[in-house]
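Working notes for the structure below.
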Amino acid sequence: MVKSVADARAGPRCRGPQRAPGAATIAVFATLALTGCSGGVLQPGGPIGAADSKMLLDAVGIMSAIVVPTIVAAIIFAWWFRASNARARYRPDFVYSGRLEIIVWSIPILVIMFLGGVIWIGSHELDPYTPIASHTKPTEVQVVALDWKWLFIYPAQRIASVNELVVPSGVPVHFTLTSATVMNSFFVPQLGSMIAAMNGMVTQLYLEADHPGDYYGESAQYSGDGFSGMHFTLRAVSQNAFAQWIAAAKQSGPVLDRNGYFDLLRETQNVRPFTYRSADPTLFEAVATRQLPPGPGPYAGNAGANVRSIGGR
């Protein structure tokens, strides 16, 4: 549940130290590098992301029960059985110890049991179909994965956007997702819960951003030539700002009807965000149920001839 795109990709970046001090250990270097990371799963921006991060850290802590003692033991053994240590006993006939067998097998068994418990509990508590407890009604967003862009439809507001997702902060968002092409994975690292969008199928996801801000989103599954540009920005804003954005979107931009959808369906790369002032409320269902034919996909015969790089619609 994790792309060579160079500096042009506006994703999470790590600004680790350019040069490690000569006396620094590997552990210190890794710690410093991690503290320079921004916008990743260890900096959650909502309740689902926080629960995912906690589960990840719990799993690392549990696995450390094997990793840390093994590293320490290897260092101690190398030091104790060095050639200059006359007190070290050489026992070539030693082959079995019941006490050592208990230790060697009991620790991995306990680790597996604890990890299984963490995963079992977490997979149920973080079921993507489970609504987030809130006194506020969730915002509905329909998501369609295309080649190579994301379409976001707001059925209640009857508008849509491409490669930009605006939601109210502090309010749960209910996503229903499908794909008009090959399978893609919808993922906003700081908000959690990567989930697949598949052609002919509909899946669901609940997320929430605790505070206003911009959150990086992406397709986390390779899908062909334009994959490196298939990312978007999730903008969490206040409810007043969200209402203003809806009103502004309704004043400009094209109309997303069936003809507009077929134009959007064509393979395009590096599409800059834009909005539709009106969206057909039946469009998502038509895509999900294949009433509208899917896109050619990145591996269709001679598909590369239809690909065009654009800086807008």
Side-chain angles (χ1 to χ4, degrees), residues 1-3 11-12 14 16-17 20-21 23-130 132 183 185-196 203 205-207 218 220-222:
M1 285 178 206
V2 37
K3 326 194 191 288
C14 286
T25 62
I26 296 178
V28 173
F29 178 81
T31 301
L32 291 175
L34 286 174
T35 57
C37 293
S38 62
V41 295
L42 295 181
Q43 291 183 327
I48 304 301
D52 285 341
S53 177
K54 182 178 183 299
M55 186 166 61
L56 175 62
L57 294 176
D58 287 345
V60 171
I62 293 170
M63 289 184 288
S64 295
I66 289 180
V67 175
V68 174
T70 300
I71 294 175
V72 172
I75 295 174
I76 293 175
F77 292 161
W79 176 80
W80 180 254
F81 291 102
R82 66 192 187 279
S84 61
N85 185 12
R87 293 180 296 171
R89 295 177 57 191
Y90 178 58
R91 300 174 60 185
D93 298 328
F94 177 82
V95 294
Y96 178 79
S97 170
R99 294 178 179 179
L100 288 178
E101 289 289 336
I102 291 175
I103 295 174
V104 167
W105 287 105
S106 63
I107 294 179
I109 290 174
L110 288 173
V111 167
I112 293 172
M113 290 175 61
F114 281 119
L115 281 177
V118 168
I119 295 170
W120 177 273
I121 295 172
S123 63
H124 284 79
E125 290 182 346
L126 298 176
D127 183 348
Y129 280 61
T130 302
I132 298 174
M183 183 167 68
S185 292
F186 176 88
F187 189 32
V188 184
Q190 288 185 267
L191 301 187
S193 292
M194 178 193 308
I195 194 165
T203 189
L205 176 65
Y206 283 86
L207 295 178
E218 65 178 348
Q221 182 164 333
Y222 182 72

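One-based numbering along the sequence shown.
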Measure from the side-chain N and O atoms of Ser64 to the backbone N and O of Val60, and report whether any donor-acceptor pair falls under 3.5 Å. yes

Is there a side-chain contact between Gln221 and Phe187 in this structure, where contact means two heavy atoms from C-beta onward sitting under 4.5 Å apart? no

Rounded to the nearest 0.5 angstrom, the CD1-CD distance for Ile48 and Gln190 is 15.0 Å

Indicate yes or no: at least one non-hydrogen side-chain atom of Ile107 is less than 4.5 angstrom from one of Ile66. yes

Check the surroundings of atom CE in Met113: do more than 12 heavy atoms from other residues, nucleotides or ligands lie under 6.0 Å from it? no

Where Val118 and Met55 come nearest, the two heavy atoms and their spacing: CG1-CG, 3.5 Å

Would you say that Pro44 contacts Asp52 through its side chain, given a criterion of any heavy-atom pair below 4.5 Å between the two side chains? no

Heavy-atom pair of closest approach, residues Leu191 and Gly46: CD2-N, 4.0 Å

Would you say the side-chain atoms of Arg82 and Ser84 include a donor-acceptor pair closer than 3.5 Å? yes

Student check: side-chain heavy atoms of Thr130 and Tyr206 closer than 4.5 Å: no

What one should report as the nearest heavy-atom pair of Leu42 and Ser53 is CD2-OG, 3.7 Å

When every non-hydrogen atom of Trp80 is compared with those of Asn85, the smallest separation belongs to O-ND2, 2.6 Å

Would the number of heavy atoms belonging to other residues, nucleotides or ligands and lying under 6.0 Å from CZ of Phe81 be above 12? yes

Do the side chains of Thr203 and Leu205 get nearer than 4.5 Å, heavy atoms only? no

Work out which heavy atom in Pro108 is nearest to a heavy atom in Ile103; give both atom names and the distance. CD-O, 4.3 Å

If we only count heavy atoms from C-beta on, is the Ile62 to Leu110 side-chain gap below 4.5 Å? no

